[in-house]
Each structure stands twice: as structure tokens, then as C-alpha cells.
*Asks:* 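Please find one structure pasted underneath; my questions will follow.
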Amino acid sequence: MFPHDLFAEPPAPAEPPQSAPPSASPLLAHLNPEQLAAVTLPRGHALILAGAGSGKTRVLTTRIAWLLQNGYATPGGILAVTFTNKAAKEMVTRLSAMLPIQVRGMWIGTFHGLCNRLLRAHHKTAGLPQSFQILDTQDQLSAIKRLCKQFNVDEERFPPKQLAYFIAGCKEEGMRPGDVPAHDADSRKKVEIYQLYEEQCQREGVVDFGELMLRSYELLRDNDAVRAHYQRRFAHILVDEFQDTNRLQYLWLKQMAGDVVDGRLHTYGSVMAVGDDDQSIYAFRGARVGNMADFVREFAVEQQIKLEQNYRSYSNILDSANALISHNSRRLGKNLRTNQGPGEPVRVYEAPTDLAEAQWMVDEIKQLVRNDGHARREIAVLYRSNAQSRVIESALFNASVPYRVYGGLRFFERAEIKHALAYLRLLENPHDDTSFLRVVNFPPRGIGARTLEVLQDAARQAGCSLHDAVSAVPGKAGANLGGFVAMVDVLREQTQGQNLRSIIEQMLHASGLVEHYRAEKEGADRIENLEELVNAAESFVTQEGFGRDAVALPIDEHGAPLTQSPASQGLDPNAPLLDAPLPGPAGIVDADTGETLSPLAAFLTHAALEAGDNQAQAGEDAVQLMTVHASKGLEFDCVFIGGMEEGLFPHDNAASDRDGLEEERRLMYVAITRARQRLYLSHSQTRLLHGQTRYNVRSRFFDELPEGALKWLTPRQGGFGSFAPDSGAARGYPAKAAGGFGFKPETFASPPVPPQKAAPSHGLRVGLAVFHTKFGEGKVLAIEGTGDDARAQVNFPRHGTKWLALSVAKLTVVE
DNA sequence: GGAAAGAACGTTTTT
DNA sequence: CGTTCTTTCC
């Protein structure tokens, strides 16, 4: 443990000056005044509101470089947290380009990656085996399903997916089963399952993503010596994408930064949080924008800097983004500006069908490439939901335009890779029942559901893992099981002490995986992936990925820093900074024993925390297709945003409450601000969704864009556009039907919707104003189905958007 | 134990 | 409509 008196106080770093020094350093050249101010902030907590395209990452990395270069911080004193591995990598890359310093001593990584380091280092204190395995979302779900079967949970009433969501949600809020308020029978049952799930994970030595965060939070909270060590160590904590932090991550940061005494937070280092409340688009998975306000209050933040200069887009695009987002209430307030001219207008296209919309996109894309010389990789098509990509893909395919779809399965999530990893995990930890069950009969070796039931019963009776219960199963089934276990056990023996490559190769052979896929018709790709796994392991060992982890824990058994880089001795700004290899063994070090994590365990950790990228291959010149969410942080010369329709964007499931609608608007804001030069928005009157044709009105977001920045490529028709814009109250939208039909859809070429196969008996049309006895006046947004099944989506100013069965609801058309 | 037919479901997603 | 999971049947 860490006796307090053994903490050698690090040499007091010089205080950052109260006023910024002249930007003589080349580091600070080309920064605008706001950026410069942020980079050279004096000691103390700060919130940087960084608008889209305002040089956020640049500020963050330059800040770190500046602190180091001027001796205000040592590499060991830096903690920089991001959300994605990509962002962490980029920070490291940029930093190494700025300073000839080894970035190894710094803790730069994702929340989960850093939590993993903490837990490996202090696994005993945290109550975990040193080589605990990490469950990804898939693994977690199968663990829950298994639990439900074992305890006869009614999966109708408690769908495992929902339970997984519930458990993850609890952990994100920092709640253990005992902390969850449970007033009704249903929630009590859920909490009970949560409790059982935790016991199961603990027994098997596995942790899920939420547990990684929660467990390390508790480690800090409950262990004064550990907490004190890190608090003293990290003089500068920097957080990227702060608007995306959930409650638990905020609590974690607070523990890292200081202690609450008498209700007031006393901190050691300085926390710099960088974020943009307007780009908060992950509330649905627990992100709390409110953390920004809480941070300002609880940390008594005095320095708030807004980065509002945008270096990305022409002003027509930026004005559109600004105008749109101004319709949100509860903003911290920020307005992007640019020095560039207006640029091209934002083009708006209305298509009769989703097919036609896609065709229009393809035509425009071809022109952009042929006439304007844009690279295809600089053109992106963004959409709200993945289902929309299909039509666009086929249109691009038919026109032989190369394209690439982002998202989908990543490398380490592929079934064959997960199987291989399961075998490897069993080598590390035979009691990992999730992995056991995954591969016990894959490739098939005559172990069926019946046998496994018997085995699971036996294991439960004996209170042991499946591995240990195998001998309790009699007969031929038992023999088969015994064969499997023996194979894994022998493999473990044989590969002891061997290098990673040879371990994996032997596993692939002994498990029969390769042989199995060789016999399969579609197996060639899978075998290729398995070979790629060997390569991935190889490069993990040799490349810097493992090198970075190698110094994950630079402290010895007394808690003193192990890092003997010049940095930890206090940095001489004039001394040449060395990039010498660090002393000491490779691997993550145990804080108590000095033991290092085996390369295999480290690789498995890497596989769980970094699912591999699903990026387009560099060098490939293809049009980029992705969801708006996936586009965050990226930028393109030309951006198409399709499906700009009520029900899609804003999405049905989000448009009913104000918070949901505001998040949709932020999503649209993110989408718009991806574009550098050209922005194209489109919507379609009809769209095939779930096998049914839907009739959609164009999105209300069009009415929130500045008319002067837009160019309508098709005549505007009645719809949301003809209503008075809302007067602040999001719920009051659309205000009323007055003037809504000044334009007669019939006067234009496009057919009225819905098409008149047989005149619908209800006499409703999209866009009509209707009256409901209970909800009052509303506007028809969409109509689905025919006859008795027909239903209409109606927006009522005071009751929100509702789907009404026309055979039941009493609707009258308002003249 | 495995292939084939049927049912269910369909916002966004990183770790 | 298309995918994925489940059930069914051999």
C-alpha cells in the first residue's frame, strides 16, 4: 500500500504566469487570440467552449506541449482523457510532432483505457484478478441471457437487451444495486437481476465497460492512499469532448482532481475541460451536458474561453448552423464566425421518392467530381439512421461511383475473431464461462444444449465454474466435455512462456477453427481474418501500442513514480528531450508485486478496448456514407444530408419531448458543420420504410435555416415552411395551420400524396389541418396503411405528435 | 446436431 | 423490405 509519508512531493513545477507571455515560441505561432489565451491559461480550472471547426484538438495538444516546454508540468503529471481511441491516438501523434519528447510517461487515453490501467495496477485493492477479462456489449448480453435462463427470469417481461441497457444505465449513474431506487415489483426484480449479474461477473473474473469505470471510481473513492497518489501526481487534467461525459465519468474526474471537504471541492491539480454543448448528441447513452454547468459551479471555474472562430466552412454554411442551433433553449451561448466569404448557397432539393432523392445525389456527386474536380473522398452523404443508406448505396453502385459505408462490424467484433479470442481468454482464465460457452461446441464437437444444461446445473450446485464442473457430467457427453477442457488445458501448458504469435497459431490449429472454416463455403474470408488476427497480435507486440501500455503504471510498490525519464526529475526546458526507451520490463505493472501483465492478457485487453477501426482504407478515393453520429469530428468539402423529413430527422422517437427535439437539432447542427464548401439538403415526399411506403413532410429544420443562405432547387410546397416559425416554445410548433395551403400541391408536377389508388375513405392528406375532440387542432404529418389499419401521424401543438388509428380516432378536417 | 422455415423487429453508438 | 433470432423438423 501507499503510506503517506513515502510520497515524495514532486519538485514544485514553476507556476504558469498570471498573464500570457509573448508568443515568441514557435509553438504558439498561428494561434488566434482566444486559442492563445486557452493554451497559456494560468493554473486553475478552465472550461473551453470550442465550437465546431475552431481548432479544439489543436488547443488541447498545444496546451500540453506548452506546459511541458515551459516546465509547468512534467509528462508524468499530465492526464488527458478522450472518448475514442482515435482521438487519443491523434493527440499522441500531434503531440509527438510538436515536441521531441517521449509521450510515454503521460497518461493519454480513453476513459475506459485509463480505468483499465488503474484496475490492473491495483487489481488486488479493487478486488479483481490481475488478468480480468473485459466483456464487450455482445459478451455482456450473452452473460445476461445465460443468467436469465439460470434463474428462470421471464424473458418476455424482462428482455435481456433491456436488462443490459438498465444495468449499463445504472453504472453510468454510478449506482450499485443497493443505490437504485426500486418502488415497484418490476424495478425490484431488475435490481435483483443486476445484483445477480454482478455476482456472476465477479465469480468469473470479468468486467463490462461500465464496471471498468465504476470499479475504478470506487477504487479512488474508497482508498485514500491510492487517491492521494494520483491526485498529487496529475497536476494537469485535460478532458476532451466534455459534453459527452456521463455522471460517473464526471464523478471519476472529481475523485482524480480532489476531495470534497465540508461540501466544497478542494483540488490539487488543474482541470481543463474542452467541449461544445451544441454538439452533445449522446444523451441517449447517458451523456450529461449538465456536467458542464456542474463543473463550472463545483470547481469554481474562473476561466471560461469561447473558441468561436471557425476555420472550416463558408459563411452560408456557418450561418445556417448558427441560425438552426439558435432555436435551442438552454445553451451556454456561442456563435461561430468565419473570415471566409459566403461561398455557395446551401442547396435544397425535394424529391418525389427516396429513389429519386438518391439518384439526384448521385447526379450531383458526379458533377462535383467531373466538373468541379472534387475528390470523391471529400464528398460525404450523411443520414439520420442506417436504414437510409441502402437506397443511396444501390444508386451509387448502379452508377459505378465508388463509395464506402462507415459503421457496421469492426474487426474484433467479427464472429470468427470473437471465437478465437474466446479460446485465448480461456487460456488466460479457465473460469470465464462466457468464453467457455461461446466455443465449447464451436467447432461442433458433439456438445449440445442438453449436455450444457447438465453442466450448468452441476456448476451451480458446486458453486464453481463450468470448467471445474466438467468431471461431474457422466457418460459420452461428459467425455466430449472432458475432451474440450483437456484440449484447452494442454494448449495452455504447451504455450506457456511462448510468444504471442505462436500461442495464437497453435490455438487456431488445436481448436479446429481453421479446419472448420476451410470446410465451409464462405469460410475463406474468415480464415483470412484469422490470419489477420495473428498480424494484429504481432504488430501489437512490436509496435508502439504495446510500448505505450508498457509504462501504463510508472509507480513502484511504494507508490513512487517508476518513470525515470528526465521529466519526472523536473523538466529542464533547455535540455534536449530524449526519446530513449524506458527502463524496466514491458507490460502493465502490478502496483503491489511489480508483476507484469502477460503479453496475451495485454493483447486481449487491447482487443476488448479497441474493437478495431471501421474506417475507409486510406488512399481509396470513395464517396463516404455514414450516419450523422459517425460524422462527428470529421469534415468534408461537400456534404449531402438526406432524408430531411419529419419523423426521420427529427426522428419520430425523439421529436415528442423538448429534450429529444433539441438533441435532434444539435445532431443537425453537427451534420451541417461537417461541410467546408458545399452543403446539400434533401427530402423526399415518399419513402419505403419497413416494407411500407411512408408519406413524409419536409423537416421543420428547414424553417429554422436562414432563407438568404438557401437555394431551393425545387418549388417549395405547403408544409412546415409556410407556418409561422416558432416563437421560442418548442412545443408550440407548428403554431397553427393559418396559410398552410397557400401553395396548392396540385399546381406542381409532383403528385399529391398519398397516391389515389382508390380514394381513401378517411379523406385525409399529409399536410391537412385536422381537429380532434381531445387534442384539439393538429396537422397531419404522415399517413400509413389502408382501410381499418390506416393510421395517421398528427402533430398537436399542445399534446405533441401522435399516431392515431383512423378507424378509432375521431378526426375532422379543418377548412 | 444441423439445415430450413417462421417470427419478430427495425434511431443514433463508443468503450 | 431485410435482417436476425427462434423454432421446427429431419
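Note on naming: letters A, B, ... go to the chains in the order of the sequence lines (proteins, then strands), and numbering restarts at 1 for each one.
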*Asks:* Have a look at A:Asp208 and say if it touches a base, only the backbone sugar-phosphate, or nothing, with a 4.0 Å heavy-atom cut-off.
*Replies:* nothing

*Asks:* Which of these nucleotides, B:dT15, B:dG1, B:dT13, is closest to any side-chain atom of A:His629?
*Replies:* B:dT13

*Asks:* Please identify which of these residues, A:Arg687, A:Arg698, A:Arg694, A:Arg700, meets the salt bridge (Lys or Arg N to Asp or Glu O under 4.0 Å) condition with A:Glu645.
*Replies:* A:Arg687

*Asks:* Would you say that A:Asp240 contacts A:Lys56 through its side chain, given a criterion of any heavy-atom pair below 4.5 Å between the two side chains?
*Replies:* yes

*Asks:* Return the value, rounded to whole Å, for the distance between atom OH of A:Tyr165 and atom C1' of B:dT12.
*Replies:* 11 Å

*Asks:* So A:Ile447, base contact, sugar-phosphate only, or nothing? Heavy-atom distance under 4.0 Å.
*Replies:* sugar-phosphate

*Asks:* Round to the nearest Å and state the distance from A:Leu382 atom CG to B:dT12 atom C1'.
*Replies:* 13 Å

*Asks:* In this structure, how many angstroms lie between the C1' atom of B:dT11 and the NZ atom of A:Lys161, rounded?
*Replies:* 13 Å

*Asks:* In whole Å, I'd like the distance from the CG atom of A:Asp652 to the C1' atom of B:dT12.
*Replies:* 14 Å

*Asks:* Under 4.0 Å between a side-chain N/O of A:Asn386 and OP1 or OP2 of C:dT3, yes or no?
*Replies:* no

*Asks:* Between B:dT14 atom C1' and A:Leu212 atom CG, what is the distance in whole Å?
*Replies:* 13 Å

*Asks:* With a 4.0 Å limit, can you tell me whether A:Arg390 has a side-chain N or O closer than that to the phosphate oxygens OP1/OP2 of C:dT3?
*Replies:* yes

*Asks:* Evaluate side-chain contact (heavy atoms from CB on, under 4.5 Å) for A:Leu533 paired with A:Phe603, printing each intermediate quantity in order.
*Replies:* CA-CA 11 Å; A:Leu533 180 69; A:Phe603 178 64; 4.0 Å; yes

*Asks:* Quick check: does any side chain N or O of A:Glu704 sit under 3.5 Å from a backbone N or O of A:Phe701, one acting as donor and the other as acceptor?
*Replies:* no

*Asks:* Looking only at atom C1', what distance separates B:dT11 and C:dT6, rounded to whole Å?
*Replies:* 25 Å

*Asks:* What is the distance, rounded to the nearest whole Å, between atom NE2 of A:His516 and atom P of B:dG2?
*Replies:* 8 Å

*Asks:* What's the CG-P distance between A:Leu648 and B:dG10, to the nearest Å?
*Replies:* 16 Å

*Asks:* Quick one: is B:dT15 close enough that its OP1 or OP2 comes under 4.0 Å of any side-chain N or O from A:Asn85?
*Replies:* yes

*Asks:* What's the CD-C1' distance between A:Glu156 and C:dT6, to the nearest Å?
*Replies:* 12 Å

*Asks:* Regarding A:Asp136, tell me which of base, sugar-phosphate or nothing describes its non-hydrogen contacts under 4.0 Å with the strands shown.
*Replies:* nothing

*Asks:* Taking atom C1' in both C:dC5 and B:dT12, what distance in whole Å separates the two?
*Replies:* 22 Å

*Asks:* Quick one: which of B:dT12, B:dT15, B:dT11 gets closest to the side chain of A:His651?
*Replies:* B:dT11

*Asks:* A:Phe284 side chain: which of B:dT15, B:dT13, B:dT11 is closest?
*Replies:* B:dT13

*Asks:* Does B:dT11 have its OP1 or OP2 closer than 4.0 Å to a side-chain nitrogen or oxygen of A:Arg285?
*Replies:* no

*Asks:* Rounded to the nearest 0.5 Å, how far apart are OG of A:Ser280 and CD of A:Glu662?
*Replies:* 10.5 Å

*Asks:* Which comes earlier along DNA chain B counting from the 5' end, the contact point of A:Tyr282 or that of A:Ala449, where each point is its nearest nucleotide?
*Replies:* A:Ala449

*Asks:* Applying ring pair (Phe, Tyr, Trp, His ring centres under 6.0 Å) between A:Phe111 and each of A:Trp252, A:Phe209, A:Tyr250, report the one that passes.
*Replies:* A:Trp252

*Asks:* Can you identify which nucleotide, out of B:dT11, B:dT15, B:dG2, has its nearest atom closest to the A:His690 side chain?
*Replies:* B:dT11

*Asks:* Just to be sure I understand the rule, does A:Gly210 reach a base, reach only the sugar-phosphate, or reach nothing, if contact means heavy atoms closer than 4.0 Å?
*Replies:* nothing

*Asks:* In terms of the nearest nucleotide of DNA chain B, which residue is placed more toward the 5' end: A:Gly691 or A:Gly113?
*Replies:* A:Gly691

*Asks:* I'd like to know if A:Thr137 reaches the base of B:dT15 with its side chain, counting only an N/O donor and acceptor under 3.5 Å.
*Replies:* yes

*Asks:* Ignoring the backbone of A:Arg384, work out which of B:dG2, B:dT11, B:dT15 is nearest its side chain.
*Replies:* B:dT11

